[in-house]
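All values reported here derive from a predicted model rather than from experimental measurement. The sequence lines fix the lettering, A, B, ..., with proteins before strands; numbering per chain opens at 1.
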Amino acid sequence: MLTALPFWSPSVIARGIAGALAALALLLVAHAPVHAQSGGEAAKQLVQTVTDRGIAIMEDETLTFGDMAQQFRDLVQHYVDTDRVARFALGRYWKQATPAQREEYQQLFLDYMVKVFASRMGEYAGQQVEIRGVTQDADNQWIVRSVMTSPGTGAPPLQVDWRVRRDESGRYKIVDAIVEGVSLAITQRAEFTNYIASNNGQVTALLDRIRDVAARPSLDTDIVPEVPTQGRSG
Amino acid sequence: MEEDHGIPQAVRRPLRRPGWRLIGALPCCLLLLIGAGCASRPPAENPDALAAFEARNDPLEPFNRAMFAVNETLDMFLLRPAAEIYRGVLPVPVRSGVRNFVNNVEAPVTLANDLLQGQWERAGVTATRFSINSTAGLLGVLDPASELGYEWHDEDFGQSLAIWGVEEGPYLVLPLLGPRPPRDALGWVGDQFLDPLTYVFWGSDSAIPYALAGADLTDFRSRNIERLDEIERSSLDFYVSIRSMYRQQRNFEIANRQVSGKEVSPLVPPAGAFEFEDDETISPGL
């Protein structure tokens, strides 16, 4: 029932030709005069920088959790467009929020995300990120493809795609990370909008919850506490 | 496009094996419980709530949450302890061997679905992997095909149905199987019929199908223990996170793991989603 694919199949030949062409192109580029970096290159460089420093922070065993969170916070604040991601994550409820609520929300969002990701990223220490390529998605946006591997553990590599946006001032920032097809921005928006919807559409309910999480020193307990036996909390 | 999706490889596709024995039991349970588990639809006078309800596409939410809780209990008392023991006792090469073996046993189903989707090159890769690994790979325990450049990929009948244009349908959580919207539930049934082992063990009382299913599920679970823990700990609502993640990852698999380009999943946010007309988000000085 099974036919083995001959090793000289058309696709293998095509790959060989593509490889040769790529090598030729590299040769030409290496001798080309150096111009200003293209958007795609800048996007790739941004992701490389962020992942290198992120992993270095996680692997630094001399840091306390507080230090690690602080360094993470600085990294995220500098390289991620948190205001934009925050607005995306509020979805339809952004329109309903008052300006004061919006401002508080965006200020809290950074700390909230750092807490959440510091806890979720803990297991990614010891891993390596390899940039595989970049495609342009819009005039000012690129998707950088990367693969996260954990050498030695036998775990399969994870595909991580980064959406990088160049803002009006020319700075490149990350606006989304898509891990194995799961967009962190979309998942966050699902959580937030669902939470607000199940609290009668009150944005303040979400703000209270985010404020609570952002203020915690670490995430060693669940975000949503167990209901105490005496009565309901929050 | 508001909601949902994605598990990092965790509850993605367990339990392919003794499925055909459970097929009869499930519809009866469903009919009994679905009646009690429908969510109340917001009235038309509340357009925002109604829009949110539609976007969520989870009209059976109370039922689903109940099933989700059942699965969490089963996981806490049965599956997770088994996975932890499995991971603690067996060394990495043995566990990789289990994973390779299970993947190889399931290769015929993947091949069938590659063909059903018209993916000839991927079918060729699957067939090559199967022949190399079954022989040189000692019945699939080793994976020399990957070293030769033939990468593993997964296909199931749910994905084939999706390629043919079948909509996912309302979100559904089934006991044991986990998140399984109607299209994927039908896909799971279809896979049982596509699997040659179903016919090999038809009518026999052999424990082998169950052993295979158990190995598959336990190995899967063991590779995602901390990841799922972190998601649960940092979620506002674990059920909602899983719902969102499941759908995202399904669409990613259906698009053969492309995030940009013409095959992309409709759930990956497009570039335009991050642009806002009245740009109040730009904070001066940052």
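You'll find the side chain of D237(B) stays beyond 4.5 Å of the side chain of E191(A), heavy atoms only. Residues V182(A) and F252(B) fail the side-chain proximity criterion, which asks for heavy atoms closer than 4.5 Å. In this structure, the side chains of R56(B) and T193(A) stay at 4.5 Å or more apart for every pair of heavy atoms. Looking at N194(A) and L236(B), their side chains never come closer than 4.5 Å, going by heavy atoms from C-beta outward.
With respect to F274(B), the side-chain contact (heavy atoms from CB on, under 4.5 Å) criterion is satisfied by exactly one of D137(A), V175(A), D81(A): V175(A).
Note: S183(A) OG to Q249(B) CD = 13.0 Å, rounded to the nearest 0.5 Å. Here the straight-line distance linking atom CZ of R84(A) with atom CD of E275(B) works out to 5.5 Å at 0.5 Å rounding. Remark: S235(B) OG to Y195(A) OH distance equals 13.0 Å, nearest 0.5 Å. Here CD of Q188(A) is found 8.0 Å from OG of S241(B). Values are rounded to the nearest 0.5 Å.
Open room surrounds CZ on F101(B); 12 or fewer heavy atoms of other groups in view lie less than 6.0 Å from it.
Contacts between I210(A) and chain B at a heavy-atom distance below 4.5 Å are absent for every atom of the residue. Looking at N140(A), only its side chain comes within 4.5 Å of chain B, counting heavy atoms on both sides. Neither the backbone nor the side chain of E103(A) comes within contact range of chain B; no heavy atom of the residue lies under 4.5 Å from a heavy atom of that chain.
Both tests hold for R87(A) against F276(B): distance to the six-membered ring centre under 6.0 Å, angle to the ring axis within 45°.
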